[in-house]
Amino acid sequence: MGGKCPSRKVKKRRYSHKTARRSKFLLKGDDAVYEELQQNPGGEMKEATLPLDEDLPGMGQYYCLHCDRYFANVSVRDEHFKTKRHKKRVKQMMGPAPHTQLDADLAAGMGAPDNGLKLMSM
Amino acid sequence: MRLEKCWFCSSTVYPGHGIQFVRNDAKIFRFCRSKCHKNFKMKRNPRKVKWTKAYRRLHGKDMTQDTTFEFERKRNRPERYDRNLAENTLKAIKKIDKVRSDRAASHIEKRLKVRKGKERREAQKELEQSIHLVKAPQALREDQSLTLPKIKVQVSQPRSDQNQAMEE
């Protein structure tokens, strides 16, 4: 998270730009992004499938799934695809699945969750 | 009473301790203390932070596969109370806990043994290569007793023989 608060009392030291806030509130967690990438492995959503949203840049039509960012138009998005930050992110998402609560439980020496017998006998 | 595990460091979170974060996609993250919570907020990966259980497991520092791990589980269907069963379970807990800690200790011992052997071999090599810093080569040639005796060691024999000879 991190980043400076846009509604801070000391006016000199506050950021109002979206990039300052994105890291704090807007970005999806790594595991959420990873899960979505597993569902559509290409990583690129087709423009037609994205819903129109006038609050988002470019009506929410130009989206980078890896970085969870919307862009104003195609050229900006394609420029983003060339950046180091994006490439780093893609590489990270290609790797092993992010840490989950299940991993934490297993590391603590717990067995797999026990849901008991099936209640409804088929 | 359900004892949860910390998302970051995998330690046990007792009721009334730590903090719980519910993300807006309804995922729950529990933390045992503010240290773990802060590390989560800094987006650190528990697999890369050395003091977490996840790291230790991944890097072979702790025991990973053991039959004693099968007992502690998240049980989503409660057992019907049975007095005898409860008594036996309480007795078994102590025994199982002892078995587990003994196995963990032996695992660590086995892990450290590898390093000890390596250190010993390195020390031997250093002694052979830089004995001239302690004794002049000429002196060694004159008095054979000062040089390291060359012993033929059979493979089946333990290494300790060689070391005793070196100490002399």
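Atom set for the values below is all heavy atoms of this structure, side chains included, hydrogens, waters and symmetry mates excluded. Because the structure is predicted, anything quoted here is derived from the model rather than measured.
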Minimum heavy-atom distance between R73(B) and M110(A), given as atom pair plus value: C-CE, 3.9 Å
Common cluster, L65(A)/M59(A), ILVMFWY with side-chain heavy-atom separation under 4.5 Å: no
Interatomic spacing from CG in D103(A) to OG1 in T52(B) - rounded to 0.5 Å: 11.0 Å
Nearest atoms (heavy-atom pairs only) where R100(B) meets A108(A): NH2-O, 3.7 Å
Shortest non-hydrogen contact between A104(A) and W7(B), atoms and distance: CB-O, 3.6 Å
Interchain contact, R47(B) with chain A, by part (heavy-atom threshold 4.5 Å): side chain
Atom group of C9(B) that falls short of 4.5 Å from chain A, counting heavy atoms: neither
Top contributor to chain A contacts, counting heavy-atom pairs under 4.5 Å, from K74(B), R56(B), R30(B), E4(B): K74(B)
N45(B) side chain near Q92(A) side chain, heavy-atom distance below 4.5 Å: no
Transitive ILVMFWY side-chain link I93(B) to F71(B), under 4.5 Å: no
Over 12 foreign heavy atoms within 6.0 Å of CZ, R83(B): no
For P46(B) against H99(A), the heavy-atom pair lying closest together: CG-CD2, 3.4 Å
When A32(A), P96(A), A112(A) are compared by non-hydrogen pairs under 4.5 Å with chain B, the top option: A112(A)
Atom CD of E122(B) with >12 non-hydrogen neighbours under 6.0 angstrom: yes
ILVMFWY cluster, Y55(B) and F8(B) together (side-chain gap under 4.5 Å): no
Gap between atom CG of D105(A) and atom CD of E72(B) - 0.5 Å precision: 8.5 Å
Pairwise side-chain contact, D114(A) with R77(B), heavy-atom cut-off 4.5 Å (strictly under): no
F31(B) reachable from I28(B) in the ILVMFWY side-chain graph, under 4.5 Å edges: no
Exceeds 12 heavy-atom contacts within 6.0 angstrom, atom NZ of K27(B): yes
Hydrophobic cluster identity match, L56(A) and V33(A), side-chain contacts under 4.5 Å: yes
E126(B) atom CD, over 12 foreign heavy atoms within 6.0 Å: no
Nearest heavy-atom neighbours spanning R23(B) and D31(A): NH1-OD1, 3.0 Å
Residue selection (most heavy-atom pairs with chain A, distance under 4.5 Å) from M63(B), R57(B), K53(B), E79(B): R57(B)
